[in-house]
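See below for the structure under consideration.
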Amino acid sequence: MTDLPTPSSDLTTHPWFFCGIGGSGMLPLALILKGHGASIGGSDRSRDQGRTPEKFAWLESLGFELFPQDGSGVISAEQTLVASAAVEDTVPEVVRATQLGCPRMSRAQLLATLFNAAPFGVAIGGTSGKSTVTGMTGWIMTAAGRDPTIMNGAVMKNFVAPEAPFASARVGSGDAFVSEVDESDGSIALYRPKVAVLGNVSLDHKSLEELRELFGDFLARAEVSAINLDDAETAALAHRARSLVTFGITSPDAQIAAIDVVEEPTSLSATILDRREGTEHALTLKVPGRHNLYNALAAIAAANAAGVPVAEAVVALGSFVGLARRFDVVGISPSGIAVIDDFGHNPDKVSATLSTLKVHPGRVIALFQPHGYGPLRQMGAELAEVIARKLGPDDLTILCDPVYFGGTVDRSEGSERIVRLIESHGGKAEYVPAREDCAARIAEIARPGDRVVIMGARDDTLTVFAKDVLAALP
């Protein structure tokens, strides 16, 4: 394939083709490019399999030309193919693009090109919480009149409208571009932010040594950094930043802090201190959990580093209603059983969700669908330990088989191993291979006062499944 377009080139003067256009990382990029006038086609295996047809119908209504994933949409060497770095060379679109000599960009390369071309980039980094902090920061800056462009890996409920049911992106006319940036593939090194946000650093896809280097360099490239002093690994990188806005709950040195924290089942309140100004501001969040208070502090610090007063940021967060699939309360059954749809898929995220649930009384039934056989092998042992530690003797975890969309991955062992590991740590778990059978099992055992949480990633149909579970409950 030919060389990549340079960041300074006009990205709207030639056609694009997105392989996997419905994916959480691809869709918002396609929306942003389309919003700037680019001509875009795409394909997606999920569309071919009949999954989430309403999403693809919506894309077609916006003028995206969609094709089966058979290579038929790649017709010209003028097209730039956008494909995840994980897409295999045998995928028909990649084969056809190679034959034609089309330029190819990864998702991260395209995002970095768009981000770096913006006058004022705000990059949200860290192992966990990036999507929520991005949504919060974007909402604050929108409320402040900055009219930002926002790139998110999740649907931002504040921006959902009849004409934008899958609002994981917002195209603004202001100078700010707010985006989460990923360290798992090393692509965080591509971004040149004005403001860098670092919420936490923990093991996920890379060693701590690699993460320290990546995140340290990330801070060093920014004009100002917002960092969490309560996270030891993050605080240890403070010296790499050129200028700092710090936040935290327990650290006495945090410039933006929180006290008087009150956690409710679906909300949270606190007093935000700006120690630089000696001011206090009452914060009420419509999303629960201490992890979301950290997310809010990160967003307040990020927006403040971008010029938004703390008081204004706190007021804006009072109307932030969250992200789809981030502790998203689907509903409560007639007998009082709550069903929650959640993106938790790695140990940190699962731990945050279960911790939020266990702050309040009531049994937890957790359905976990792993987001792949590979990730399950990599983080399964730590995941099992977290589940066993966070849940009590009356709680139950049900695991179905990992999501699988095809490919050559080793599927010899999956969720049954995690069930054995949970039980070895003293937890209660069941392996029910087919997801549809899990719904029947939950309906059979759930009782009034229970909280049912549906967890997993890379599968939009989990939201539909959560609604089906709710409908089946007494």
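- No side-chain heavy atom of Ile337 sits less than 4.5 Å from a side-chain heavy atom of Ile365.
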- Applying salt bridge (Lys or Arg N to Asp or Glu O under 4.0 Å), run through Lys428 and Asp394 and close with a yes or a no. CA-CA 8 Å; Lys428 286 174 60 179; Asp394 293 332; 5.8 Å; no

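- Leu297 places a side-chain heavy atom less than 4.5 Å from the side chain of Ile249.
- Looking at Leu317 and Ile300, their side chains come closer than 4.5 Å, going by heavy atoms from C-beta outward.
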**Message:** Test side chain to side chain contact (heavy atoms under 4.5 Å, CB included) on Val245 and Gln255; report intermediate values, then the result.
**Reply:** CA-CA 7 Å; Val245 177; Gln255 295 168 336; 4.0 Å; yes

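- Qualifying salt bridge (Lys or Arg N to Asp or Glu O under 4.0 Å) partners for Asp401, counting only residues two or more places apart in sequence or in other chains: none.
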query = Where do Asp459 and Arg51 land on the salt bridge (Lys or Arg N to Asp or Glu O under 4.0 Å) test, with the steps shown first?
reply = CA-CA 9 Å; Asp459 185 356; Arg51 302 163 73 91; 2.7 Å; yes

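- Partners of Glu263 under the side-chain hydrogen bond (donor to acceptor under 3.5 Å, both in side chains) rule, at least two apart in sequence or in another chain, do not exist in this structure.
- Judged as a salt bridge (Lys or Arg N to Asp or Glu O under 4.0 Å), and not counting sequence neighbours, the contacts of Asp395 are Lys358.
- Remark: side-chain polar atoms of Asp274 are not paired, donor with acceptor, to backbone N or O of Gly278 under 3.5 angstrom.
- When the salt bridge (Lys or Arg N to Asp or Glu O under 4.0 Å) test is applied to Arg326, no partner is found at least two apart in sequence or on another chain.
- In plain terms, the two heavy atoms of Arg242 and Ala222 that are nearest each other are CD-O, 3.1 Å.
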Could you list the donor-acceptor pairs under 3.5 angstrom formed by side chains in residues 193-200, with sequence neighbours left out?
residue : atom : partner : partner atom : Å
Lys194  : NZ   : Pro119  : O            : 3.3
Asn200  : OD1  : Thr127  : N            : 3.0
Asn200  : OD1  : Ser128  : N            : 2.8
Asn200  : ND2  : Ser128  : O            : 3.0

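- Here the side chains of Leu421 and Glu382 are not in contact, with every heavy-atom distance at 4.5 Å or above.
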For the pair Leu268 and Val262, evaluate side chain to side chain contact (heavy atoms under 4.5 Å, CB included) and give the outcome as yes or no after the intermediate values.
CA-CA 6 Å; Leu268 183 146; Val262 178; over 6 Å; no

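- Neither side chain, Asn228 nor Asp231, offers a donor N or O lying under 3.5 Å from an acceptor on the other.
- For the side chain to side chain contact (heavy atoms under 4.5 Å, CB included) criterion with Thr142, the lone passing option out of Asp147, Ile150, Thr137 is Ile150.
- Looking only at distances, no side-chain donor or acceptor of His360 sits under 3.5 Å from a matching main-chain atom of Leu357.
- With no hydrogens or angles considered, no side-chain donor-acceptor pair links Asn152 and Ser168 at under 3.5 Å.
- Residues Arg451 and Val329 have side chains not in contact (no heavy-atom distance under 4.5 Å, counting atoms from C-beta outward).
- Listed by first and then second residue, the ring-ring contact (aromatic ring centres under 6.0 Å, His included) pairs involving residues 279-329 amount to none (not counting sequence neighbours).
- Under the 3.5 Å distance criterion, with hydrogens and angles disregarded, no donor-acceptor pair is assigned to the side chains of Ser251 and Asp230.
- Donor-acceptor pairing under 3.5 Å is recorded for the side chains of Ser202 and Asp348.
- Taking each heavy atom of Asp253 and Thr246 in turn, the nearest pair found is O-OG1, 3.7 Å.
- Contact record, Ala112 with Leu190: CB-CB, 3.6 Å, taken as the closest heavy-atom pair.
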Derivation of the salt bridge (Lys or Arg N to Asp or Glu O under 4.0 Å) call for Arg212 and Glu209
CA-CA 5 Å; Arg212 288 165 184 152; Glu209 289 73 22; 3.8 Å; yes

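- What you find for Ile422 and Ala388 is that their closest heavy atoms are O-CB, 3.8 Å.
- Taking 4.0 Å as the cut-off between side-chain N and carboxylate O, Lys157 and Asp328 count as a salt-bridged pair.
- Applying the ring-ring contact (aromatic ring centres under 6.0 Å, His included) definition to pairs two or more places apart or across chains, those involving residues 149-170 are Trp58-Phe166, Trp139-Phe159.
- Without hydrogens or angle criteria, Thr52 side chain to Lys55 main chain gives no donor-acceptor distance under 3.5 Å.
- No hydrogens or angles considered: a donor-acceptor pair under 3.5 Å links the side chains of Asp342 and Thr353.
- The two residues Ile454 and Ala466 have their closest heavy-atom pair at CG1-CB, 3.9 Å.
- Between Arg276 and Ile256, some side-chain heavy-atom pair lies under the 4.5 Å cut-off.
- Across every non-hydrogen atom of Ala296 and Leu283, the tightest pair is CB-CD2, 4.3 Å.
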Inset, instruction - Take Leu111 and Ser179 through the test side chain to side chain contact (heavy atoms under 4.5 Å, CB included) and record every step on the way to the result. - result: CA-CA 9 Å; Leu111 174 55; Ser179 179; 3.5 Å; yes

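- Between the Ser319 side chain and the Ala316 main chain, a donor and an acceptor come within less than 3.5 Å of each other.
- Side-chain atoms of Leu323 and Val155, non-hydrogen and from C-beta on, never get closer than 4.5 Å to each other.
- Side chains of Thr461 and Arg435: a donor-acceptor N/O pair is present below 3.5 angstrom, by distance only.
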| task | Given side chain to side chain contact (heavy atoms under 4.5 Å, CB included), test Val350 with Asn346 step by step and report yes or no. | result | CA-CA 6 Å; Val350 169; Asn346 67 24; 5.9 Å; no

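- The closest donor-acceptor contact from the side chain of His345 to the backbone of Phe343 lies under 3.5 Å.
- Pairs engaging residues 106-138 under the ring-ring contact (aromatic ring centres under 6.0 Å, His included) rule: Phe115-Phe177, Phe115-Tyr191 [sequence neighbours left out].
- Remark: Glu430 pairs with Arg441 by the side-chain hydrogen bond (donor to acceptor under 3.5 Å, both in side chains) rule, at least two apart or across chains.
- Shown are Val464, Thr463, Val452; of these, the side chain to side chain contact (heavy atoms under 4.5 Å, CB included) with Asp341 is made only by Thr463.
- Between the side chain of Asp450 and the main chain of Arg447, a donor-acceptor pair closer than 3.5 Å is present.
- Pairs of residues two or more places apart, or lying in two chains, never qualify as ring-ring contact (aromatic ring centres under 6.0 Å, His included) while including a residue from residues 378-399.
- With a 4.5 Å cut-off on side-chain heavy atoms, Ile188 and Phe215 count as touching.
- Applying the side-chain hydrogen bond (donor to acceptor under 3.5 Å, both in side chains) rule to Glu180 yields the partners Ser131; only residues at least two apart in sequence or on another chain are considered.
- In this structure Glu163 satisfies the salt bridge (Lys or Arg N to Asp or Glu O under 4.0 Å) test with no other residue, sequence neighbours excluded.
- Salt bridge present: Glu183 and Lys130 bring a charged side-chain N and a carboxylate O closer than 4.0 Å.
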